[in-house]
Number of protein chains: 2
Amino acid sequence: MATKTRDKPETVDADSATRERILLEAARLFRHHGYAATTLREVADAAGIKAGSIYYHFESKDQILGEVLDKGILAVIDAVQQRVNALPAKATARQRVAAAIEGHLWGLLHHGDFTSANIRVYGQIPPAAKNRHRKIRREYADYWDRLLEDALQRGELRPDASTAIIRLFVIGALNWTVEWYNPQKGSFQDFVKQITSIVFDGTFLREPG
Amino acid sequence: MATKTRDKPETVDADSATRERILLEAARLFRHHGYAATTLREVADAAGIKAGSIYYHFESKDQILGEVLDKGILAVIDAVQQRVNALPAKATARQRVAAAIEGHLWGLLHHGDFTSANIRVYGQIPPAAKNRHRKIRREYADYWDRLLEDALQRGELRPDASTAIIRLFVIGALNWTVEWYNPQKGSFQDFVKQITSIVFDGTFLREPG
DNA sequence: GTCTATACCTCGATAGAC
DNA sequence: GTCTATCGAGGTATAGAC
């Protein structure tokens, strides 16, 4: 029984300590400086090696980018599916979407450098890298669409907004939390509760009448 | 007369046609490639001049960045304040926030290259540029906080979530629309209506009971 | 598996002709 | 007001010693 939800696409020696360190520091630097502005000398320096040594572990800067992007979105997808799959079969749509929100936030905020790097640089990377990454993004969007369509058919979702707009709005709002979430202000569980409540029921009280 | 909503801070010859063209193309390229990845040769090429000529209009790449960032946020602030100030004095808090949402979306989506460049590159620019821009961001956040505090005191806002979290959530969600809004799918007014409704009342129907 | 040294390229910015 | 030409710095990536 494999503990992992997904197979690893990497080759056999793909997860040596320094290799992982390079990815981690690259994610952190991509996040804060952008892809183009991050130099391999900086990455190497942060990882405690010299620039030339990177090329023992990776073929190019582009390959590092690809793996950083994948790590980011896979962390989110994993956390979401784990929580949704753990629900009983008779769970309501609201419970399923709540589980997805919690998973999304957990994956997002607990792998901040990878997920933030993904979100921030995706719109700015070379087209080839974007094309390679597009498929997995599409699959994750489809997963949410199925969740929301199910909620709509069960009569739990608002019928007057399209599920596409709801998905884009909600995922966008969740993604943005990585820009402002502060773990020092209250517990993660409280945070999830507040965000979930706003997503479900909005920010204003219902109008009288 | 100090309370200007829209005086021009530029110098006298600051808005020549080519100068504006440079800013426009720079915004577009910053948006899609990031700040560091955008070369002044590209900007010049897109503006129909040669790289060296840029320095007749600007002192540095950094100065271009600063003006692009300012144009982005000022477009939003202007649109928001115009709509909020146009409301009658007896408007409800809900109406005031609705006006702010519409203004934010309008400024955001009708100056897409400037606003998207602002949002995308802000986290990735040199610290000096970030410090210069921070003040106006803070002022705009304070403006929203006042709107929301007012709504809370009038008993219209949900009392169980902090106004800070609501502001961050809502502005984040609105900002993200620039990544996915498609003007070919329905009118702008319909779009505003849907988004506003989701922000106010959420995505799910109220639970029975 | 990591190092040093370096090839080759492109960057932001400047100088001076027109 | 825009051009050409160029400087010095710093980028990715490679080669070969250890």
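Letters go in sequence order (proteins before strands), and every chain restarts at 1.
- Look at CZ on Phe58(B): it is 13 Å from P on dG1(D), rounded to the nearest Å.
- The OH-C1' distance, from Tyr56(A) to dT4(C), rounds to 19 Å in whole Å.
- For Phe191(A), the ring-ring contact (aromatic ring centres under 6.0 Å, His included) partners at least two apart in sequence or on another chain are Trp180(A), Tyr181(A).
- Residue Ser53(A) places none of its side-chain N or O atoms closer than 4.0 Å to OP1 or OP2 of dG1(C).
- Phosphate proximity of dT2(D) to Thr18(B): present, with a side-chain N or O under 4.0 Å from OP1 or OP2.
- Rounding to whole angstrom units, CG of residue Asp45(A) and P of dG10(D) are separated by 14 Å.
- With sequence neighbours excluded, no residue forms a ring-ring contact (aromatic ring centres under 6.0 Å, His included) with Phe114(A).
- Looking at Val192(B) and Trp106(B), their side chains never come closer than 4.5 Å, going by heavy atoms from C-beta outward.
- One can place NZ of Lys50(B) at 13 Å from C1' of dA5(D), the figure rounded to the nearest angstrom.
- Between Ile54(B) atom CD1 and dC3(D) atom P the separation is 10 Å, expressed in whole Å.
- For His57(B) and dG1(D), the NE2 to C1' distance is 6 Å, given to the nearest whole Å.
- The residues Arg132(A) and Asp70(A) are annotated as not salt-bridged, no charged nitrogen and carboxylate oxygen being separated by less than 4.0 angstrom.
- Side-chain contact between Phe30(B) and Gln124(B): absent, with no pair of heavy atoms (C-beta onward) separated by less than 4.5 Å.
- Rounding to whole angstrom units, CD1 of residue Ile49(B) and C1' of dA13(C) are separated by 14 Å.
- Looking only at distances, a side-chain donor or acceptor of Arg83(B) sits under 3.5 Å from a matching main-chain atom of Ala79(B).
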What nitrogen or oxygen pairs link the protein and nucleotides 12-14 of chain D at under 3.5 Å?
unit_1	atom_1	unit_2	atom_2	d
dT12(D)	OP1	Thr38(A)	O	3.4
dT12(D)	OP1	Leu40(A)	N	3.3
dT12(D)	OP1	Lys61(A)	NZ	3.3
dT12(D)	OP2	Leu40(A)	N	3.0
dA13(D)	OP2	Tyr55(A)	OH	2.6
dA13(D)	OP2	Lys61(A)	N	3.0
dA13(D)	O5'	Tyr55(A)	OH	3.2

